[in-house]
Amino acid sequence: MLPQPIRDYLLARREEHLAALKEFLSIPSLVNDAPGSAAAARQASDWLAGRLASLGLDSAVLETPGRPVVLALSRPIPGRPTLMIYGHYDVQPSEPLERWTSPPFRPQVRDGCVYARGACDDKGQLFAHLMAVEAWQRAGGGLPLNVKFFIEGQEEIGSPGMESFMADHKDELAADAVVISDSEFFADGVPSITYALRGLVLVELTVTGPAHDVHSGIHGGAVSNPVNVLAEMIAGLHDADGRVTIPGFYDDVLNLSDQERREWQALPFDPAAYAASLGVAELGGGERGLAALERRWSRPTLDCNGIIGGYTGPGGKTIIPSRASAKVSMRLVANQNPDKVIEGIASYVRQHQRPGTVAEFAVLSKSRPVLLDRHSFAMASAAAAMEEAFGRRPVMIRCGASVPVTEIFQRIFGMDAVLMGLGLPDDNPHAPNERFRLEHLWRGSEASAALMGNLSAEKVASRLA
Ligand SMILES: [Zn+2]
């Protein structure tokens with residue numbers, strides 16, 4: 001239960017909290033190497049550490065080989081459980097800039113939403129938790145449990161180096177529960193808790209032919225064409241039923257339980273409306289005969305993300321290109337091992353060598369899938385907190401995307417995070433006009449505060465001890 005003084009405090013401070021969030025959103029903490037982004041990452045870390053210190057937390061900015069990490073810890077209360085809150089301050093690039101109604105790093109409030117890069121992913125969602133800590137500290141007589149923050153700056157590129165950072169800081173990061181708000185509601189008005197994320201293998205396939213581009217008239221018919229060979233390789237990655245042909249790809253896939261299938265069928269999901277929202281007439285991707293949510297959540301997929309090769313300028317240029325390459329991503333589901341998938345790719349590439357060309361691949365990134373315990377105390381506490389704040393019991397969903405630390409928390413710390421998403425499906429994360437609905441900021445902070453109260457409840461504390 002959320003104490004009334006906490007509710008009142010959050011209500012009274014809305015203007016102040018929005019102003020602070022806008023300040024945070026104004027920092028262009030881009031995850032890429034754009035000029036100034038490293039300095040902005042430092043600025044964002046300092047801003048967070050300063051804000052957390054002002055809330056009475058012992059906070060520090062820690063150096064890593066990449067962007068800094070912010071760690072903060074509330075004054076220890078012996079005998080109380082510890083809640084870890086993870087978030088990230090890095091944001092995706094904002095191009096194409098001309099598609100933004102207001103500039104990405106000049107936050108603007110329109111139609112009940114704050115618009116800015118990072119508004120939803122993840123600064124706004126993270127900030128809701130800071131508001132909750134503040135409310136407990138200033139109006140609730142102090143935090144009802146121990147709170148830790150772990151905020152990183154490279155989530156958007158797969159959290160490189162985070163696994164070793166987390167292993168090196170095992171004691172500082174130890175907690176009884178982890179909450180991550182970096183996901184979204186299933187639909188407007190349908191609060192959701194996510195209990196599975198897909199993993200990722202991203203590779204670049206390269207086919208090399210003649211030492212340089214050659215004349216397609218003089219040499220055509222004699223020399224293999226790397227673009228043709230690459231196209232054949234990509235086309236061969238799916239069979240006629242939409243199944244991925246990489247050897248062993250489906251070997252370890254965990255099948256969906258009947259109960260989950262029934263729950264998903266009960267979700268308010270209209271495939272036609274979903275297709276229309278994406279501007280397509282039909283949902284033609286993935287394996288034939290399976291429901292769209294299964295294809296997006298519980299089945300692995302493979303997609304070519306881009307092809308580079310040959311002449312692509314205006315007019316024609318009659319050549320046989322010397323080289324072609326493609327980026328290919330695979331989304332993995334529970335029980336699949338990225339390394340085993342990579343072995344399968346190696347054997348696929350070996351089988352598709354063609355005379356006079358060399359096909360190779362390089363792994364650009366990989367992360368494991370994660371399936372979380374749906375029946376943990378933390379999960380139940382979060383569900384009750386969301387119900388209290390948003391007025392409706394959350395549905396349990398999976399998500400096709402990845403938040404790499406979730407899997408690391410499970411594997412290294414044995415902790416199943418609670419993915420309490422506060423965003424909405426049309427918040428445009430990673431896209432122009434990213435936004436966060438203010439109502440979700442207000443209610444999200446209440447949900448976070450309620451979660452802290454629920455987790456501190458005596459029976460939970462004794463169960464966790
Ligand atoms: Zn995110």
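Just follow the structure's listing: the first ligand is 1, and inside any ligand the first atom is 1.
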Between F24 and Y89 (judged by ring centroids, cut-off 6.0 Å), do the two rings come close enough to count as a pair?
no

Is R261 salt-bridged to E294, cutoff N-O under 4.0 Å?
yes

Please determine if K148 and E172 form a salt bridge, counting it only when a charged side-chain N lies under 4.0 Å from a carboxylate O.
no

So, are R67 and D90 salt-bridged, with charged N and O less than 4.0 Å apart?
no

Measure distances from the Zn ion (ligand 1) and count the protein N, O or S atoms below 2.8 Å.
4

State whether the number of non-hydrogen atoms from other residues, nucleotides or ligands found under 6.0 Å of E15 atom CD is greater than 12.
no

R393, CZ: over 12 other non-hydrogen atoms inside 6.0 angstrom:
yes

